[in-house]
S.K.: 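Sharing a structure below in structure tokens format, with a few things to ask.
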Protein chains: 2
Amino acid sequence: MPPHIPPTPPESRADSPEDGAEPRRRGSRKSAGGITLRDVAQLAGVAPITASRALNTPSAVSPKVLQKVRDAVERTGYVPNLLAGGLASNKSRLVAVVVPTVIGPVFQEIVHTLTETLAAAGYQVMLGQSGYENSREDALLEAIIGRRPDGVVLTGIMRSAEARKRLLASGIPVVETWDLTPTPIDMLVGFSHENIGREVARYLHAAGRKVVAVVGGRDERSRRRMDSFAQESAALGMAAGADVAMHHVTAPTTLGQGRKGLADLLERQPGIDAIFCSSDLLALGVMIEAQSRGIRIPEQLAVVGFGDLEFSRDLQPQLTTVRIDGTGIGQRAARFIIDRAAGIEVAERIVDVGFSIIRRESA
Amino acid sequence: MPPHIPPTPPESRADSPEDGAEPRRRGSRKSAGGITLRDVAQLAGVAPITASRALNTPSAVSPKVLQKVRDAVERTGYVPNLLAGGLASNKSRLVAVVVPTVIGPVFQEIVHTLTETLAAAGYQVMLGQSGYENSREDALLEAIIGRRPDGVVLTGIMRSAEARKRLLASGIPVVETWDLTPTPIDMLVGFSHENIGREVARYLHAAGRKVVAVVGGRDERSRRRMDSFAQESAALGMAAGADVAMHHVTAPTTLGQGRKGLADLLERQPGIDAIFCSSDLLALGVMIEAQSRGIRIPEQLAVVGFGDLEFSRDLQPQLTTVRIDGTGIGQRAARFIIDRAAGIEVAERIVDVGFSIIRRESA
DNA sequence: TTGAAAGCGCTAACAA
DNA sequence: TTGTTAGCGCTTTCAA
């Protein structure tokens, strides 16, 4: 249905469908029929650019004009076409957010925060899923670059060097998150997976644990946590340190895998008294399996998770886990992009948000 | 940094920054500096429109031209500007997906499926969060309509009638999901919350339960499930049917609320032998609380969840719950929008995907 | 099958 | 403070 502008004769629209009298010029074409800035300007009795200023930089326009334009917008129900605006201004106000998958609790907090924070600043989030396995990363990249976003937030990995190079070449501001790499593409908000593994090992050692093991996802970051955990465990002289069972499950991790993980582990290495899991869901699985076998936590078995999911504090026993401040990461990342768009260059492009071990009952 | 086109003299670019000799015409402006279709066309020795056809409708050009254009794309690393394309063609290949929040497991599956399915068809997902509480729905709507998406998928609620009206007026295809309303804005893929409440009551009645209660979120849909559960319970003569404890927690629901819910319930109504929870997370909380009180499930207390989260089958005991096919909903919704964009009109705009009660150990 | 012209709806640049 | 002009990069329309 065509839009309805209350009391204004659309007589002077150059290509208004009404003037079928004149022969159509070669190459001319009809508009989609929506209300445009031009309609608003006409109704307000100003030039289009003035209407544009009234909407985008109200301070640059007289109060009188501002009022007239706002009235016209109100009456017509005009909604600016951001595609056109983006094309003309070379600012899309769109930010691409890439996660391996939106399923699973891991990246929820960051996606939520980014969407909310950016929306408050007038940006929209375009969601991309890279998948954990090798997939068409190049197709995703093409789709992203094609939209000319004002920023890209990468959570999880951009695997191919080719993809990283193209992203860099595109000139789009990039924020990598969830890791600390020495050579980021552009900006970085993350934390050290190695440090986490090390600190958890020390924590368990200080708690007097002797035989440690891990139940971990097989994605690269999980593996790095696990490797450094194993290394530090060995260095501290914890038994089977060099022999820590790497129990690789596919990402994203599940409770069921945690149950199975503990079962397998106990079969191979009955003396285990501490387990570091690569997610809280795995940890919950370990706890349930232990419970069903009559193994007492933490007396006989200490369990440490990763992620500090919202439910972890309410488990029985409460889960000791590693907390990552996803909200903080999201806010920093958003700030990076908003600042860059505003022409503000920050001195430090790498932020380490760290982590904390939340000490509860399970370890 | 300016883009680098290997061996092609950019002599004839109208506004090339190089020709600073001529005085700048009034109103002329510099391009963003990226590689455009025009550059590709020039390199391939064809007109821009021909290059455009080679990329969008390869069958409409000769194999020779196709090859030349593809070579040129390859050499330049050209990525089409979808903002410009969208403006010209009035097709944005963007779909807005609105959920109350991306936090919490409820809408993950549908967001995941939509993102993936639509990406495969060449569409990108723009994410919007409406929030559970009354919020700036109009601002969100403005942001959505401003992008001129080829479709909007609404999950959860569009509360204000004003918002619904504007969406309708915008002419954008709309798919509402997660509910069955008699008068959808446009298209609808959902299920009946009332039926779920009723069927769960019957299920528990058939299982010989006598005193039922609910632990439920306070969002509108949860309440509808709970209300019809209460009604049917009463009709079937289950004790306290008319007196079912409505235990309203704020959405999204949490495990902790489930624990507290059971605790409160037992205080008020000790004889309860069955509980219907409005989410699996609440159900898990109820189970943990029961466990910590030595209440045996299902012998003393039957528990039914909602959502069939991935972990529910691995709990101890396995959770009986209501399954909603989020993937199916996502696929149908995507299909609706893709078809509409292709001009295919479906006869039936309302799809009821139903639900199923997954019978496991807890009830 | 290819191309010339025009224009999608908006804003940058310049001028008054 | 307001307006004129041109053009963002692409695709539609029409013609050859």
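Labels below follow one simple rule: chain letters A, B, ... track the order of the sequence lines, proteins then strands, and each chain is numbered from 1. Small disclaimer: the values here were computed from a predicted structure and weren't measured. The figures here come from the full heavy-atom set of this structure, side chains too, leaving out hydrogens, waters and symmetry mates.
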S.K.: Find the distance Gln42(B):CD to dC10(D):P and express it as a whole number of Å.
M.R.: 13 Å
S.K.: Look at Ser52(B) and dT11(D) and indicate whether a side-chain polar atom (N or O) is within less than 4.0 Å of OP1 or OP2.
M.R.: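 Result: yes.
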S.K.: Distance check needed: dG9(D) P versus Asn81(B) CG, whole Å only.
M.R.: 7 Å
S.K.: Return the value, rounded to whole Å, for the distance between atom CZ of Arg93(A) and atom P of dC10(C).
M.R.: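 Arg93(A) atom CZ is separated from dC10(C) atom P by 16 Å.
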S.K.: For Ile49(B) and dA5(C), give me the distance from atom CD1 to atom P, rounded to whole Å.
M.R.: 14 Å
S.K.: Mapping Arg53(B) and Val79(B) to their closest nucleotides on DNA chain D, which lands nearer the 5' end?
M.R.: Val79(B)
S.K.: For the CZ atom of Arg147(B) and the CG atom of Asn81(A), what is their distance to the nearest 0.5 Å?
M.R.: 10.0 Å
S.K.: Would you mind reading off the bend of the helix from dT1(C)-dA16(D) to dA16(C)-dT1(D) from its two end axes, five pairs each, to 10 degrees?
M.R.: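 Answer rounded to 10°: the end axes differ by 20°.
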S.K.: Keeping the roles fixed (side chain from Gln129(B), backbone from Val102(B)), state whether a donor-acceptor pair exists under 3.5 Å.
M.R.: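 The answer is yes, because a donor-acceptor pair under 3.5 Å joins these two groups.
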S.K.: So if I take every side-chain heavy atom of Ala88(B) and compare against dG9(C), dC10(D), dT2(C), which nucleotide ends up nearest?
M.R.: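 Nearest nucleotide to the side chain: dC10(D).
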S.K.: In whole angstrom, what separates Lys68(A)'s NZ from dT1(D)'s C1'?
M.R.: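 The distance from NZ of Lys68(A) to C1' of dT1(D) comes to 12 Å, rounded to the nearest Å.
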S.K.: Could you state the CG-P distance from Leu82(A) to dG9(C), rounded to the nearest angstrom?
M.R.: 14 Å
S.K.: Is it true that a side-chain atom of Thr113(A) and a backbone atom of Ile110(A) form a donor plus acceptor pair closer than 3.5 Å?
M.R.: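 Checking the backbone N and O of Ile110(A) against the side chain of Thr113(A), no donor-acceptor pair under 3.5 Å is found.
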S.K.: Expressed as a whole number of angstroms, how long is the span from Arg148(A):CZ to dG9(D):P?
M.R.: 8 Å
S.K.: Can you identify which nucleotide, out of dT11(C), dT2(C), dC10(D), has its nearest atom closest to the Leu37(B) side chain?
M.R.: dC10(D)
S.K.: For dT11(C) and Asn56(A) - does any side-chain N or O of the residue sit under 4.0 Å from the phosphate oxygens OP1/OP2?
M.R.: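 Checking dT11(C) against Asn56(A), a side-chain N or O does come within under 4.0 Å of OP1 or OP2.
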S.K.: Could you point out which residue of Arg332(B), Arg349(B), Arg164(B) forms a salt bridge (Lys or Arg N to Asp or Glu O under 4.0 Å) with Glu176(B)?
M.R.: Arg164(B)
S.K.: So that I can tick it off, tell me whether Asp138(A) and Arg166(A) are bridged by a salt bridge, with the cut-off set at under 4.0 angstrom between side-chain N and carboxylate O.
M.R.: no
S.K.: Does Thr50(A) have a side-chain nitrogen or oxygen under 4.0 Å from the phosphate oxygens OP1 or OP2 of dG3(D)?
M.R.: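 Answer yes for this pair, as a side-chain N or O of Thr50(A) is under 4.0 Å from OP1 or OP2.
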S.K.: Which part of the nucleic acid does Pro80(B) contact within heavy-atom distance under 4.0 Å: base, sugar-phosphate only, or nothing?
M.R.: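 Since only primed, P, OP1 and OP2 atoms lie under 4.0 Å of Pro80(B), the category is sugar-phosphate.
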S.K.: Report yes if a side-chain nitrogen or oxygen of Ser62(A) is closer than 4.0 Å to either non-bridging phosphate oxygen (OP1 or OP2) of dT2(D); otherwise report no.
M.R.: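 Looking at the OP1 and OP2 atoms of dT2(D), one of them is under 4.0 Å from a side-chain N or O of Ser62(A).
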S.K.: To the nearest Å, give me how far apart CZ (Arg38(B)) and C1' (dA4(C)) are.
M.R.: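 Distance check: Arg38(B) CZ to dA4(C) C1' gives 14 Å.
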S.K.: Please name the pair of heavy atoms, one in Tyr78(A) and one in Leu37(A), separated by the smallest distance, quoted to 0.1 Å.
M.R.: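 It is CE1-N, 3.4 Å.
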S.K.: Select one nucleotide: of dG9(D), dT12(D), dT2(C), the one nearest the side-chain heavy atoms of Ser89(B).
M.R.: dT12(D)
S.K.: May I ask you to decide if Ala60(A)'s main-chain N or O and Arg53(A)'s side chain share a donor-acceptor pair within less than 3.5 Å?
M.R.: no
